[in-house]
Amino acid sequence: MPVHNAEIAQTLNEYADLLEIEGANEFRVRAYRTAARNISNLPQSVAEMISNKEDLSGIPGLGKDLASKVADIVNTGKLPQLEELKEKLPPGLIEITRLAGLGPKRAGALYQKLGVTSIEELEKAAGEQKVRDLAGFGTKTEQRILEEIGRRDKLEGGQKRYQLSVIEEVAQSLLAHLKKVDGVKKAAIAGSYRRRKETVGDLDILVTHKRGAEVMKRFVEYEDVDRVVSRGDTRSTVVLRFGVQVDLRVVPEVSYGAALHYFTGSQAHNVAVRKMGVKQGLKINEYGVFKGDDRIAGKTEEEVYAQVDLPYIEPELRENTGEIQAAQKGELPQLVSLQDIRGDLHAHTRATDGRSTLEQMADAARERGYEYLAITEHSKHVTVAKGLDARGLAEHTEKIDRLNENLDGIVLLKGIEVDILEDGSLDLPDDILKRLDLLVCAVHYKFDLPADKQTERVIRGIDNPYPTILAHPTGRMIGERDPYQLDMERLMKAARETGCALEINAQPARLDLTEVHAKMAREMGIPIAISTDAHSTHELDFMRFGVYQGRRGWMEPDNVVNTRSLKDLKKLLSRK
DNA sequence: GCCGTTTTCGGCCCGACTGTTTTCAGTCG
């Protein structure tokens, strides 16, 4: 089993954590973290690069030393230096640094002075009031440690992240509350929410006001606030009853653009932009761009970028994964937007496991301004969803034909979400499939096949003469189910050869392809369908989450098949 | 440990809040 990029990144991060506790040079620690982040953002497999004898030093942040350490991880599954360090420092200390208010320095001190190696031992030491006597600690810190450990026990699985769709409502009500405060001119949700990451760990909200204290008062009094973590005039942090942490920053209006840029992140993007500023003798912070003591920009984000000779960069691209270089070369993608979408290519009705009728789905699609909607019921193998057999499908498509005759302003396409069976064959016979406008192919069982078998299965599934879209290609469900083992590079090469499109499934729990794979598909020139997989009329609105994911994958309208008119779509989906 | 339109050595983004401190370290984002 090849070592995945995520595992390499995890190993490097673990080593960085322990180095930090050991008190290593902070820039050395940072180098490991940068390398880990860049590797996890890499579309191609590092293990494969090594087996192809490719040079790893092309990866940003990887010099000679780290390249050889990464090779060790790939070849042996382990980093010898990490194993050595683990002998010296108990890995349980890393868990201690995850407690709010405790970092590497304090975890190191607890170990050196009190011999604490785990959360349990820390709880005991704090309970016996041994912690308060350590230099740099006191009664309040000791108390907080006990509180944080108690809180941690109540949480399942540690740091929780929320799906964008789940956090949206919470975030928008809080934002509306803050906008109503007298004197607030501008307000926005920044952070990973604004970058439209598939999950969000906390909320960063920015407002402009002349007197921060007034906003802060209203913020901590908000009805959903469970507890206040910190409170100042320009920055406060609370935790909502819902469990999510919210940071609020207040800046004067003249700093809005600089602050919005800063709080939108990502951190890596900000660091890169600030470094560009430093080279030009500028200081960039959340209050503006400064030359000496003079603020020379900061009212808008465009101004900030202009000072370092960059065009505006869309929030979804700000991950320091090549967007700055692309901006310098004038090669930023013109990202696809919701307005570009002209139809939905994956939807269910009551005929199988959907909750709306054909007519309702057609009306709802037309209301959203679409030209077409593909009806793609499950095939017979998915019995729990009442999947259609050949006869059921024939009857259903006749119904669609009749309905189409009476429909105005919208066309229903006849499709199927046909199961790819374990051997790679399709769940329905060719004579019925060939009568359809398009096939959406998908895997719905036997998720646990080994990578080579699973890859062969899917490739065989999409290797057919019909217009085909591979739905939710990796099968992952965020926070619930891992992607199945699949060689994505091989799969994408096959998709390119067979002319199969890949789906970005817009269900908030799927968002599959991931952003990394979406970007890879774009680079390989594989067409993408952004589809909702709607099981009811209101789920057609999930389209925006798919579009966000596409934008994070650098998708332009041309990369997305359902930005086409019906006529062009049919041309595009037909096989060469 | 990485990196170079000031550098192959000497830098490495920047600021707010808390608790422990009499001026700052640690943590966090």
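In what follows, chains are A, B, ... by sequence order, proteins preceding strands, each numbered from 1.
Atom name C1', nucleotides B/dC13 and B/dT22: the rounded distance is 29 Å, in whole Å. Taking the C1' atom of each, B/dC9 and B/dC14 are spaced 24 Å apart, rounded to whole Å.
Proximity note for A/Asn25 (side chain, C-beta onward) versus B/dG29, B/dG1, B/dC13: the nearest is B/dG1. Considering only the side chain of A/Arg231, B/dT18 comes nearest among B/dT18, B/dC28, B/dC12. Residue A/Tyr287 has its side chain nearest to B/dG15 when only B/dC2, B/dG29, B/dG15 are considered. Proximity note for A/Lys275 (side chain, C-beta onward) versus B/dC2, B/dG26, B/dC12: the nearest is B/dC12.
For A/Arg28, a side-chain nitrogen or oxygen approaches OP1 or OP2 of B/dG1 to under 4.0 Å. Here A/Tyr15 does not reach the OP1 or OP2 of B/dG1: none of its side-chain N or O atoms lies under 4.0 Å away. When the side-chain nitrogen and oxygen atoms of A/Gln143 are compared with OP1 and OP2 of B/dG19, none of them lie within a distance under 4.0 Å. When the side-chain nitrogen and oxygen atoms of A/Lys283 are compared with OP1 and OP2 of B/dG15, one or more of them lie within a distance under 4.0 Å. Within the 4.0 Å cut-off from OP1 or OP2 of B/dC28, not a single side-chain nitrogen or oxygen of A/Thr237 is found. One finds a side-chain N or O of A/Lys69 lying less than 4.0 angstrom from the OP1 or OP2 phosphate oxygen of B/dG1. Contact check, A/Asn285 against B/dG15: a side-chain N or O comes under 4.0 Å of OP1 or OP2. In terms of phosphate contacts, A/Thr234 brings a side-chain nitrogen or oxygen within less than 4.0 Å of OP1 or OP2 of B/dC17.
A donor and an acceptor atom never sit less than 3.5 Å apart when one is taken from the side chain of A/Tyr262 and the other from the base of B/dG15.
The CD-P distance, from A/Glu148 to B/dC28, rounds to 9 Å in whole Å. Atom CG in A/Asn320 sits about 12 Å away from atom P in B/dC3, given to the nearest Å.
Figure legend. B/dC14 is base-paired to B/dG29; pairs are counted as Watson-Crick or G-U wobble with both atom distances under 3.5 Å.
For A/Asn41 and A/Thr321, the side-chain atoms include no donor-acceptor pair closer than 3.5 Å.
The only member of A/Arg552, A/Arg196, A/Lys197, A/Arg37 that meets salt bridge (charged side-chain N to carboxylate O under 4.0 Å, His left out) when paired with A/Glu319 is A/Arg552.
A/Arg551 forms no cation-pi arrangement with A/Phe545, by the criterion of a distance under 6.0 Å to the ring centre and an angle within 45° of the ring axis.
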